[in-house]
Amino acid sequence: MGFLGSTKANGMLTTFLSFSESKSFLLEPIFVICVSGFLHAVLLLVLFCSWVRYKLRGNNGFGSVVTERLKDRRGFGFKSVLFCSLALSLLNLVLMSLSGFYWYESDWLDEEQLVSLLMFLLATVSWGVLSVSLHRCSDYEQRKSPLLLRLWLGFYLAVSCYSLVVDKREETVHVHLLVYDIVSFSGALLLCYVAFFKKARGDNNNSSNGVLEEPLLNGDSTVGGEGSDEATPYSRAGLLSLLTFSWMGPLIETGNKKPLDLEDVPQLHDSDSAVGLAPKFRTMLESSTSDGGGGVTTFKLMKALFFSAQWEILVTAFFAFIYTVASYVGPALIDTFVQYLNGRRQYNNEGYVLVITFFLAKLVECLSQRHWFFRAQKAGFRMRSSLVAMIYEKSLTLSCHSKQGRTSGEIINVMAVDTVRIGNFSWHMHDPWMVLLQVGLALWILYRNLGLASIAALIATILVMLVNFPFGRMQERFQEKLMVAKDNRMKSTSEILRNMRILKLQGWEMKFLSKIFDLRKSEEGWLKKYVYNSAVISFVFWGAPTLVSVSTFGACILLGIPLESGKILSALATFRILQEPIYNLPETISMVVQTKVSLDRIASYLCLDNLQPDVVETLPQGGSDIAVEVSNSTLSWDVSSESPTLKDINFKVLPGMKVAVCGTVGSGKSSLLSSILGEVPKISGSLKVCGTKAYVAQSPWIQSGKIEDNILFGKPMERERYEKVLEACSLSKDLEILSFGDQTVIGERGINLSGGQKQRIQIARALYQDADIYLFDDPFSAVDAHTGSHLFKEVLLGLLSSKSVIYVTHQVEFLPAADLILVMKDGRISQAGKYNDILSSGTDFMELIGAHQEALAVVGSVDTNSASKKAALGEEDGIVRDAIGFDVKQESQDVKNDKPDTEETKRQLVQEEEREKGSVALDVYWKYITLAYGGALVPFIVLAQVLFQILQIGSNYWMAWATPFSKDVEAPVNISTLMIVYVALAVGSSLCILVRATLLVTAGYKTATELFHKMHHCIFRSPMSFFDSTPSGRIMNRASTDQSAVDLIIPYEFGSVAITVIQLIGIIGVMSQVSWLVFLVFIPVVAASIWYQRYYIAAARELSRLIGVSKAPLIQHFAETISGSTTIRSFNQESRFCGDNMRLSDGFSRPKFYLAGAMEWLCFRLDMLSSLTFAFSLVFLISIPTGVIDPSLAGLAVTYGLNLNTLQAWLIWTLCNLENKIISVERILQYASAPSEPPLVIESNRPEQSWPSCGEVDIHDLQVRYAPHMPLVLRGITCTFKGGLRTGIVGRTGSGKSTLIQTLFRTVEPSGGEIRIDGVNILTIGLHDLRLRLSIIPQDPTMFEGTVRSNLDPLEEYTDDQIWEALDKCQLGDEVRKKELKLDSSVSENGENWSMGQRQLVCLGRVLLKRSKILVLDEATASVDTATDNLIQKTLKEHFSDCTVVTIAHRISSVIDSDMVLLLSNGIIEEYDSPVKLLENKSSSFAKLVAEYTARSSSSFE
């Protein structure tokens, strides 16, 4: 138990006798050593006997290990015992080596050291065997520790305690003896606690405590394969495989044979996956919040994170401690080594002992560092996964008010950026206490060599660290501002990408691009401050070792402490190691700051208000005779508002009832449905619901993915019910047209479906759920007349005949069928009752009916006799359907579904995200380097670093050469010359650092700015097909994560590679001065390193790309969830969506985890190679005769050589990291070279200012497809829209109506044919010249975050008077005047604080301002009631009487009074003539359509 170093005793007998004479033998250390050795021998014997016993019983495998309950791998007990055993084994190994060293130093005479060596050997072996055994039996579930083990641990605790007391009494006891005693006693305490007091997780009934009845050793354990707990390469790896990272070998080998795909990457073990981590983290967070009261705070979040990864954090702390101690062994021994080379030998073979010590220290340093880094990253992945799951869960429970305060872009940023930053902090979490340890060890070495001058080093170090505080505070402020600016930019980017179609149609995209550039400019201001502040910090801390060394050597001179080359070199080596914590300190502080900011943001997000859980009282199914009951309820989206959204609501819905809700725009119809869903905060009253709910939103919410998955929505496939639902929703014909039927992949937000198709898929989703209560928010507005009629009959009156249905509608013809009609006005139910009852009881309902009758009168002016009506209705399933839409061959759906996957992938609109394969092209590096100032700064950056390296080596060489070997030798130069030259060289090297740091951040900042502008300009100029086939998550990923890497990481990665290469060349240069033979080893080692690096990089590169590709689906799923949270909640699908999120999160973590393993696999091997190079150099130095080599120069070579393995591994690491990070540049450049739309303006062919003057549109043989691999949508259309006439376009959903309009605006380029407006071929002029001369009211009414003014006039072309005039014309003037800020009233994201109808009226206001000669209405009145529709039609007739108006409409009344009607069917013109002529021909499709509409509108559907 100690290295007593005694030389008094000549033999064991003499020693024992002298002990017995002087003091009691029982109080002597030698007695404790013997007892401890005996105890460890007993443990080994017990383990061996158990192994033999189980071998005889036929148990296979390396024998069995002791334990039990010590061992559930997921429990703290097992982990602590395994950790303790391993630590004690390693500690005994180190002390055994030192004991052997002291024994050897005493010329093998000190027998006490021999006894110590044998005891430590026994202890090393016994604890090592126990560790291996525990590791191998870790899957056995037993109840408690075996009796023998518990007895042994009791004795061990007593002996450890006794040893501590005995050694404390010794006056000459060594420090390491006391350290060992304390560690042993602490370990014994922990082991006894686990063995005696830790309860078993399993059942406690079995209590077999027989002496050897419990298996101590049983090795044949297999890792269980239940669920995600199945064996993974990491979890099933043996001890040696874990130590050397060999478990990564198969994956790296696979990566060399072929580019890795996600399927090739093994799964994560349950303990590392979000599925296993999220519940534990949630429990910890909830317990900490319930203990402390209040919501989630930053401290509580940190506490929960710590406890969720405490095992990894404690293990990494242990490895970090071992690494730090081992790294200081070299500097501590340099003085001894220089004295040895100078001829001072303390004992025989001292040189070899020193070489072995150096090498072993390097070995321990390498192993501990590699496992520290890997486990730290592992802890980071766990934290990130836990946080992502919590943030996602929160997004599903956020109240509407909370959502308005945080846009989806901000929430996505919290998930995509802040969680990753907190995960990355695991690299730095031990730095704060390690700095203290490293400084303490450095001061101890300096004190040994330089005495009191070490105090000067301490003061200088503290001063340097204090200088950091103001910089750290500035860095925190800049970081916060940078994140806020980035949030604002991402918020706008998200909104713009979502509404890119309307921006292109209006010709506003470049205006909105300039808005993004303005936001980026604000972000760049803070980025600039941040990076230049980093440059100053870099200068201060690279210069820090120089300042510390100058202060220390200056203090030596003042105090008269002799400077000797050995001591100087030892000090310099110490300063070089001390440089690491000082240099890393600013980065650590920066990371602490960034992590604190991110934790604050996440904590504040998790503190946001949730939906009120008690808004709706859910009654047990079958426990009530009502479906919905609302009593005296007052509800408001904004609880603080003086005027509630809904006031005094009272109604009751019985099972099977059909309730219609009608009213004017903005009267509170949608809010009423939301209140039943529990979305609107309740102020008073009660809402009761009995049964499951299904909800169909007014704006369709469609997930990316297959149509089938959207309809099933988590339910298992029941083919019969599925087919019924498709038929009821009129989807069967649509699916036949689509290339892949219901296997067609829908783009983001249903981009490749028409509005009607999206709405019908939504209805199908609700129907398939087979709920008790159905809530429909005006689902019939987006579909044509026939389909609406079909849906109402087949869905509401058919499949849902026995269900409770509450439906909002603007179509009066659907009201008579209702059992109860609620008429809404100003947030109140103004009338309630059956159709005939309320018809005569109030004015509000009469207004709606009057408007409907007025619309019908227009249609009714045409003579359509009842016979034709009956004929049309009677043949509804035959003639009408064929007339409106389809002449398509019936194909077997099964045949379609059997198409090979390759063809399907190739022809789907939304493709897999493109990722490069193979090595990153040199072109990418070259573009990055030369983007800023043509690469002019690069040579100066390299030159500055080269000069710094030369000056630094020069200053160290000067100190080694100019100081004597010992105080007896005269110095070559006087003290003043020594210091002046040293200070001059030190100042010069510091200035070089300042120049390099400043130039590096300047180049990085400029490059980031250029890349941002290039990519965004290219994206905004991309055609609509790019946005249709590219989910916004992919673009957002590049604009946030990849741009962050370019802003803040990649410049430093490039700098780090250059710095490390130059430092490595410097080290090899110094070492080769001592011996050119170093090259004999160095050259093959470098060759082997390069081979390893090339072998590794193939897999690592693809893993990095997979990380990039697997992040976009996670972000996209998150964004979709935020927008569809109401629908998800209404179907009670939260748990399924949380599961999907965890699966995607694990898909992102998997390549990250294995990339970290691959990196450590490589670094471990490189460390071994460089350690061999260093060991060879040392062996060579001690082998040559004294005097052949200058000891100072040799010492300098050793000083630099100590860093060789670190630098060589760091070089490969930074090279690989650079290649991994440069993928961000590659991905940005990918979008910076995306195909562009035709020019916005063609100067040589600009139309006249007055164009179009007539407004005649001539279409000739127009053919359109959405992508080269997609089928034709318009198949050769030829027609003319006469100038000044109104043309109505009708046709069944999906017939090509909207596509025709998109082609007119050239958001889709024709595949063939042409369109001429007033004789000008629109394909030959600029896009802005075309789009700015046309007006459109789109199908989806869009408003942007901002003000009423900015929404009506984004280009700022009109006066306030003109804007007010337009608002009055579109019936919004009074509504806006009510608001306090008038035209500056705020509009929230997506215009969510305005109703759908009001948004449509704003779109009308835009065209009234623009007053174009050609106006297109794309189902523009679908979301407004009939009265508002009539007002819009009147306004358009009044103000656009001399314009060409093209109207796509589902309401016949919107097109019946048109001058011409165009009926499209399956992409071709079926009929085109005036309505009167078409109606005269009773067999025309249009006549049948009008008859159907009239019949439907007159019918009560009863």
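- When the side chain to side chain donor-acceptor pair (under 3.5 Å) test is applied to Ser1412, the partners found at least two apart in sequence or on another chain are Ser1335.
- Partners of Glu1480 by salt bridge (Lys or Arg N to Asp or Glu O under 4.0 Å), not counting sequence neighbours: none found.
- Val661 is not listed as a side-chain neighbour of Phe776, based on a closest heavy-atom distance of 4.5 Å or more.
- Residues Lys1413 and Asp1318 are not paired through a salt bridge, judged by the lack of any N-O separation under 4.0 Å between the basic side chain and the carboxylate.
- By the side-chain contact (heavy atoms from CB on, under 4.5 Å) test, Val659 pairs with Val653, Met657, Ile806, Leu820, Leu822, sequence neighbours left out.
- Taking the side chain to side chain donor-acceptor pair (under 3.5 Å) definition, one finds that Thr1278 meets it with nothing, sequence neighbours left out.
- Remark: Ile502 pairs with Asn499, Gln506, Pro1338, Thr1342, Phe1344 by the side-chain contact (heavy atoms from CB on, under 4.5 Å) rule, at least two apart or across chains.
- Applying the salt bridge (charged side-chain N to carboxylate O under 4.0 Å, His left out) test to pairs two or more places apart or on separate chains, none has a residue in residues 1253-1268.
- At least one donor-acceptor pair under 3.5 Å links the side chain of Ser1484 to the backbone N or O of Leu1478.
- Residues Met1024 and Gln1302 fail the side-chain proximity criterion, which asks for heavy atoms closer than 4.5 Å.
- Side-chain contact between Tyr1472 and Thr1287 is present, with heavy atoms from C-beta onward closer than 4.5 Å.
- Distance CG/Leu1417 to CG/Leu1415: 4.5 Å, rounded to 0.5 Å.
- Every residue was checked against the salt bridge (Lys or Arg N to Asp or Glu O under 4.0 Å) condition with Arg1406, not counting sequence neighbours, and none meets it.
- Under a 3.5 Å cut-off, the side chain of Arg1275 and the backbone N or O of Ile1468 do not form any donor-acceptor pair.
- Residues Ser1311 and Gln1263 bring no donor and acceptor atom of their side chains to less than 3.5 Å of each other.
- Applying the salt bridge (Lys or Arg N to Asp or Glu O under 4.0 Å) rule to Arg1316 yields the partners Glu1314; only residues at least two apart in sequence or on another chain are considered.
- When the side chain to side chain donor-acceptor pair (under 3.5 Å) test is applied to Ser1483, the partners found at least two apart in sequence or on another chain are Asn1481.
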| message | Quick one, Phe792 with Tyr807, criterion ring-ring contact (aromatic ring centres under 6.0 Å, His included). Give me CA distance, side-chain angles, the key distance, then yes/no. | response | CA-CA 11 Å; Phe792 192 81; Tyr807 60 98; 5.7 Å; yes
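- Listed by chain and residue number, Asp770 satisfy the salt bridge (Lys or Arg N to Asp or Glu O under 4.0 Å) test with Lys803 (two or more places apart in sequence, or in another chain).
- Inter-residue side-chain proximity for Leu1300 and Val1446 is flagged as unmet; no heavy-atom pair is nearer than 4.5 Å.
- In this structure, Lys658 contributes its side chain and Gly656 its backbone to a donor-acceptor pair below 3.5 Å.
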Determine all donor-acceptor pairs shorter than 3.5 Å in which one atom belongs to a side chain in residues 762-769; sequence neighbours excluded.
{"residue": "Gln762", "atom": "OE1", "partner": "Trp701", "partner atom": "N", "Å": "3.2"}
{"residue": "Gln762", "atom": "OE1", "partner": "Arg765", "partner atom": "NH2", "Å": "3.2"}
{"residue": "Gln762", "atom": "NE2", "partner": "Ala697", "partner atom": "O", "Å": "3.0"}
{"residue": "Gln762", "atom": "NE2", "partner": "Gln759", "partner atom": "OE1", "Å": "2.7"}
{"residue": "Arg765", "atom": "NH1", "partner": "Trp701", "partner atom": "O", "Å": "3.0"}
{"residue": "Arg765", "atom": "NH2", "partner": "Trp701", "partner atom": "O", "Å": "3.0"}
{"residue": "Tyr768", "atom": "OH", "partner": "Pro716", "partner atom": "O", "Å": "2.6"}
{"residue": "Tyr768", "atom": "OH", "partner": "Glu718", "partner atom": "N", "Å": "2.6"}
{"residue": "Gln769", "atom": "NE2", "partner": "Leu712", "partner atom": "O", "Å": "3.2"}

| task | Go through Leu1272 and Val1264 one step at a time and tell me if the side chain to side chain contact (heavy atoms under 4.5 Å, CB included) criterion holds. | result | CA-CA 6 Å; Leu1272 283 171; Val1264 178; 5.9 Å; no
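- The line from CD of Gln757 to SG of Cys729 is 12.5 Å long, rounded to the nearest 0.5 Å.
- The closest side-chain heavy-atom distance from Leu1323 to Arg1306 is below 4.5 Å.
- Legend: residues meeting side chain to side chain donor-acceptor pair (under 3.5 Å) with Glu723, ordered by chain and number and at least two apart, are Arg719.
- A side-chain donor from one of Tyr722 and Asp742 sits under 3.5 Å from a side-chain acceptor of the other.
- Considering CG of Asp1459 and CG of Leu1285, their distance stands at 4.5 Å, rounded to 0.5 Å.
- The main-chain N or O of Ile1317 is found under 3.5 Å from a side-chain atom of Trp1251 such that the two form a donor-acceptor pair.
- Between Val696 and Asp778, the closest side-chain pair of non-hydrogen atoms is not below 4.5 Å.
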